[in-house]
Amino acid sequence: MFKIFKQFRIFLLVHIVWKRYSIGKKFHCGQRVRLWAKKTLVIGDFFYIGRDSQIECDCIIGNYVIFGNKVGVIGRYDHNYEQMGVPTRAASQIRDKDYNWKGLHSTTIIGDDVWVGYGATILSGIKIGTGSIIAAGSIVTKDVEPYSIYGGNPAKKIKNRFENEIDLANHILKLKNFIK
């Protein structure tokens, strides 16, 4: 019974609440997940987003991506903090129809086979390369190389995901067979 309820909940979210976005097959989201994009939100197949997570910017996400709980993909220019004579709270914001400040053409791109750990934050406009891992609690402010592990605040490269080029090549080869 509980499994049917979960499937129904996901169906309602994908086909009614978030119908303006492109969400691939086998999508799963935990409780209290929020999705919002000004123009573009494309989510690939087999995406998992943990509870209390949010995507609040234009974003393109690949296939087989995992977000832990409390992950945020957020805009870095959501409020026009340079608007003269207006407190930031009252300034124009990206959700406004007539917003014309920074961030309008900033899309976050997350490649296939990416794992973003618990509580990580990714700023808009970042590109996270295929096969990468973002450590829990990290703040990603710059692009992430493919098949690498980043962590910290701001996130920096810790190491490559695989020990050597042969292991990476074997992973890519086996991954192609897995996905078929």
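Because the structure is a prediction, the values reported are computed rather than measured.
The closest donor-acceptor contact from the side chain of Tyr99 to the backbone of Leu104 lies at 3.5 Å or more, if one exists at all. Listed for the Asn80 side chain is no donor-acceptor partner under 3.5 Å among the backbone atoms of Ala91. Distance alone, capped at 3.5 Å, places no donor-acceptor pair between the Ser124 side chain and the Ser106 backbone. Side chain of Asp96 to backbone of Gln93: a donor-acceptor contact under 3.5 angstrom is found. Of the possible donor and acceptor atoms, one in the side chain of Arg9 sits under 3.5 Å from a partner among the backbone N and O of Cys29. Distance alone, capped at 3.5 Å, is enough to place a donor-acceptor pair between the Gln83 side chain and the Ser92 backbone. Within the 3.5 Å criterion, the main-chain N or O of Gly131 finds a donor-acceptor partner in the side chain of Arg161. The closest donor-acceptor contact from the side chain of Thr40 to the backbone of Asp58 lies at 3.5 Å or more, if one exists at all.
Contact check on Glu56 versus Lys38 returns no salt bridge, with no Lys/Arg side-chain nitrogen under 4.0 Å from an Asp/Glu carboxylate oxygen. A salt bridge does not link Lys102 with Asp78: none of the charged nitrogens is closer than 4.0 Å to a carboxylate oxygen.
Counting heavy atoms from C-beta outward, Phe67 and Val73 have side chains that approach closer than 4.5 Å. Side chains of Glu165 and Leu168 form a contact here, defined as non-hydrogen atoms less than 4.5 Å apart. Residues Ile139 and Pro154 fail the side-chain proximity criterion, which asks for heavy atoms closer than 4.5 Å.
A 6.0 Å sphere centred on NZ of Lys39 holds more than 12 heavy atoms belonging to other residues, nucleotides or ligands. More than 12 heavy atoms of other residues, nucleotides or ligands sit less than 6.0 Å from atom NZ of Lys157. For CZ of Arg34, the number of neighbouring non-hydrogen atoms (other residues, nucleotides, ligands) closer than 6.0 Å is 12 at most. The neighbour count for His105 NE2, taken as heavy atoms of other residues, nucleotides or ligands under 6.0 Å away, does not exceed 12. Counting heavy atoms of neighbouring residues, nucleotides and ligands inside a 6.0 Å radius, atom CG of Leu173 exceeds 12 of them. No more than 12 heavy atoms of other residues, nucleotides or ligands sit less than 6.0 Å from atom CZ of Arg89.
Note on Tyr150 and Val114: same hydrophobic cluster, where clusters join Ile, Leu, Val, Met, Phe, Trp and Tyr whose side-chain heavy atoms are under 4.5 Å apart, directly or indirectly. Cluster membership for Leu12 and Val14, using ILVMFWY side-chain heavy atoms within less than 4.5 angstrom, is not shared. Trp36 is connected to Ile126 through a chain of hydrophobic side-chain contacts under 4.5 Å among Ile, Leu, Val, Met, Phe, Trp and Tyr, so both are in one cluster. The hydrophobic cluster containing Trp18 also contains Ile74, counting ILVMFWY residues as joined when their side-chain heavy atoms lie under 4.5 angstrom apart, directly or transitively. In the hydrophobic clustering of ILVMFWY residues, with side-chain heavy atoms under 4.5 Å counting as a link, Phe11 and Tyr48 come out apart.
Scanning all heavy atoms of the two residues, the minimum distance from Gly68 to Val71 falls at O-CG2, 3.3 Å. When all heavy atoms of Tyr118 and Lys70 are compared, the pair lying nearest together is OH-CD, 3.3 Å. Residues Gly151 and Ala135 come closest through the heavy atom pair CA-CB, 3.8 Å. The shortest heavy-atom contact between Leu123 and Thr108 is O-OG1, 3.7 Å. Taking each heavy atom of Asp45 and Lys25 in turn, the nearest pair found is OD1-N, 2.9 Å. Of all the heavy atoms in Gly125 and Asp143, the pair that sits closest is O-OD1, 4.1 Å.
Aromatic pair Tyr64/Phe178: ring centres closer than 6.0 Å. Taking the centre of each ring, Phe46 and Phe27 stay at or above the 6.0 Å mark. Aromatic rings from Phe162 and His171 are positioned such that their centres are separated by under 6.0 Å. Ring-centre distance between Trp101 and Tyr81: below the 6.0 Å cut-off.
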Can you list the steps and then say if His79 with Arg95 is a side-chain contact (heavy atoms from CB on, under 4.5 Å)? CA-CA 9 Å; His79 300 269; Arg95 290 179 185 255; over 6 Å; no
Between Asp167 and Tyr147, is a side-chain contact (heavy atoms from CB on, under 4.5 Å) present by the stated rule, with each step listed? CA-CA 11 Å; Asp167 289 348; Tyr147 296 103; over 6 Å; no
Working note: Ile110 + Ile60, criterion side-chain contact (heavy atoms from CB on, under 4.5 Å); need CA distance, chi angles, decisive distance, verdict. CA-CA 6 Å; Ile110 300 172; Ile60 299 171; over 6 Å; no
Between Ile61 and Ile55, does a side-chain contact (heavy atoms from CB on, under 4.5 Å) hold up when you go through it step by step? CA-CA 11 Å; Ile61 300 172; Ile55 298 170; 3.6 Å; yes
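Rounding to the nearest 0.5 Å places OG1 of Thr130 at 9.5 Å from CG of Leu175. We find the OG1-NZ distance between Thr141 and Lys156 to be 7.5 Å, quoted to the nearest 0.5 Å. With values rounded to the nearest 0.5 angstrom, Ser53 atom OG is found 9.5 Å from Leu35 atom CG. Atom CD1 of Ile134 is separated from atom OG1 of Thr121 by 11.5 Å, given to the nearest 0.5 angstrom. Atoms CD1 and CH2, on Ile149 and Trp115 in that order, are 9.0 Å from each other to the nearest 0.5 Å. Between Ile94 atom CD1 and Tyr77 atom OH the span is 11.0 Å, to the nearest 0.5 Å.
For the 3.5 Å distance criterion, the side chains of Ser132 and Glu145 fail to qualify, holding no donor opposite an acceptor.
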